[in-house]
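Quick notes on the structure that follows.
Throughout, a chain's letter reflects where its sequence line sits, starting with A, and its residues are numbered from 1. Because the structure is predicted, anything quoted here is derived from the model rather than measured. Values below: all heavy atoms of this structure, side chains included; hydrogens, waters and symmetry mates excluded.
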There are 2 protein chains.
Amino acid sequence: MDDELLAVRVAELYYDENKTQDEIGGLLGISRWKAGRLLAQAREHGIVRIEIVHPRARRLATERALRERLGLADAVVVPTPENEIGVQGRVAQAAADFLAGFRPVPRVLGVSWGRTLTDVAERMPDGWATGVTVVQINGGVSLNRRPGTAATLASTIAQRGRGHAVLLPSPAILERLSTKKAIESDRTVAAVLERAEEANAYLYSAGVVDENSAHVESGYLRADDVEELARRGAIGDIVGRYIDANGNIVDPALDERTLGVSLETLRAAATAILVIAGAAKHDIARAVVTSGLCTVLITDEATARALLEDS
Amino acid sequence: MDDELLAVRVAELYYDENKTQDEIGGLLGISRWKAGRLLAQAREHGIVRIEIVHPRARRLATERALRERLGLADAVVVPTPENEIGVQGRVAQAAADFLAGFRPVPRVLGVSWGRTLTDVAERMPDGWATGVTVVQINGGVSLNRRPGTAATLASTIAQRGRGHAVLLPSPAILERLSTKKAIESDRTVAAVLERAEEANAYLYSAGVVDENSAHVESGYLRADDVEELARRGAIGDIVGRYIDANGNIVDPALDERTLGVSLETLRAAATAILVIAGAAKHDIARAVVTSGLCTVLITDEATARALLEDS
DNA sequence: GACGGCCCTGCTCATATGAGCAGATGGATA
DNA sequence: TATCCATCTGCTCATATGAGCAGGGCCGTC
């Protein structure tokens, strides 16, 4: 019996049968030290495969790589399920867990909106904070017919944190720059934007450039506007603003008409948490992370690997 | 963070990050004993899944169940691969390993023939014994056109064991009883059968009742003979003899014309090793094992589970 | 509000394990 | 054949771990 086969036997006796290395030595006619060494070999050669099977499992090694190689303050990575079934939920759960455990507990939290953030809000544990102010950081989905809009999302997070939400009563993108300036200078809106600027942490996701974008669905943009953006290099949007692979604004004129915190605010933030999942969003995730728009990344392993590959 | 989630974190830090329970306690703000207890819980609840990934892995727990619940002297169970791809090979390898490690090394080994045993023979390690006599225990496949017949199989096992093969120069089933008696009383044949009776161990497999059986292929039986056997309750054959679910001979007249060791010889043997794999053979495996025709079973996990289910 | 039982916690102590070391083994080379 | 080098082996010792136990808090019950 060669050493590899012996290692398999040792591993079986140790892990399946809960024998001590000493007993194993006795059974297989080898010394207990040899048993220990074979066991180490078995682990090294991948004969022993240890997996943490749980919807809330994480990938600490990948998280560390992200922190070290991309200079992130923190990262949370969950395994990507087969065919991405349920990644959104898993990543949202991880984001909720992260936020709930984040210290110091933010007194003012800036949030954007979207499908992903709605998922996060739903998963925030009740009582995750004691008196948090949740500020909406970009113009909202009031036009959207679906429930679960920016307003309910922010309110949910706030209520569960025993606090209140400060909503931004404005469209995401205005048709004319003058309208945008007018709204912005409205006292209530200005007050909201001011609070948004002083948030202790920002929580946002990102969208990809395609005709199903929430901006199109809500009527802020037309399908051909999006096409044009894509043609000009846009790969996605964060807080309503379309950026290219370098994290730069694609269409400054459009951006001027977009209401909410600026990319500069995010870049300067002490804590900016990007929550993003799925293969479709690898490119936009890369753009956001490499251009320093976030300090914390919460994502699935496939996305994380995509980011790490080219660095 | 509830205990289950905490257990997941502990498991990750322990198994993925190789931290000590003490370090984990420090990281998660719990005592090292709590970390240890959570780890135990995680293992118990199946959050930690440890697998031995190797072509020669075994299922010791199932083996133990077979020994204890079916009264076998020994059992070897290998995992059934997805869609049974390669089970035959895996089980054959396990049989070869078992035989090579069997103590005391048999001086005389009785073998039957067939696809499975050919696979076993090919996998016997060179020098597995020092001077073994391998006796063919049932009539052979001289008519068979394919290579790898009873003769080469027995010779291979013998050569690798630094010994020689004693072949049974006879068809498996004779057309007429008188012919069988005549052959049986031939001095050389009688001598072989005598050696077969005194084997220290028998190694054989089993076939299922269908028109592709080696007996039909070799011309010993016609397709409609097999159909008739099935109609009368036959579920398969071992050492050329067709048995029903209770391990009894189905057609005594046919059996009389079948040349080789009897079922009684197998039942009385100190060591009779059945090598069998695949879902198609679950029934015949059950018949052989429950009727005491073997003392050692070498099989795949699915087959083993099928046997254990109804006991 | 007092009591009793249950579970959980943090401990002690025996055991299991891994790191590191010195001698043994074996194969290649001069 | 003698010698060297590399690997392997069995050891000592420090550390990590698990079993079992006593005390404390929490719950329900009276």
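- Contact record, B:Leu72 with B:Val296: CD2-N, 4.4 Å, taken as the closest heavy-atom pair.
- Once rounded to the nearest 0.5 Å, the distance linking CD of B:Glu63 with CZ of B:Arg67 reads 6.5 Å.
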For nucleotides 22-24 of chain C, give me every protein contact, N/O to N/O, under 3.5 Å, one pair per line with atom names.
none

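- For the contact set between residues 20-50 of chain A and DNA chain D, defined by any heavy atom under 4.0 Å, the members are A:Ser31, A:Trp33, A:Lys34, A:Arg37.
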- Query: Given A:Arg64 and A:Glu68, is the salt bridge (charged side-chain N to carboxylate O under 4.0 Å, His left out) satisfied, shown in steps?
  - Reply: CA-CA 6 Å; A:Arg64 185 151 22 80; A:Glu68 288 171 6; 5.0 Å; no
- Message: For B:Asp126 and B:Arg162: C-alpha separation, side-chain torsions, deciding distance, then whether salt bridge (charged side-chain N to carboxylate O under 4.0 Å, His left out) applies.
- Response: CA-CA 8 Å; B:Asp126 208 40; B:Arg162 308 275 182 268; 3.6 Å; yes
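- Phosphate contact (OP1/OP2 of C:dA16, side-chain N/O of A:Tyr14, threshold under 4.0 Å): absent.
- A:Glu84 places a side-chain heavy atom less than 4.5 Å from the side chain of A:Thr80.
- Proximity of B:Thr303 to B:Val87: side-chain heavy atoms (C-beta onward) are nowhere separated by under 4.5 Å.
- B:Arg90 is listed as a side-chain neighbour of B:Pro81, based on a closest heavy-atom distance under 4.5 Å.
- Rounded to an integer number of Å, the gap from CG of A:Leu6 to C1' of D:dC8 is 14 Å.
- Side-chain contact between B:Tyr204 and B:Leu274 is present, with at least one heavy-atom pair separated by less than 4.5 Å.
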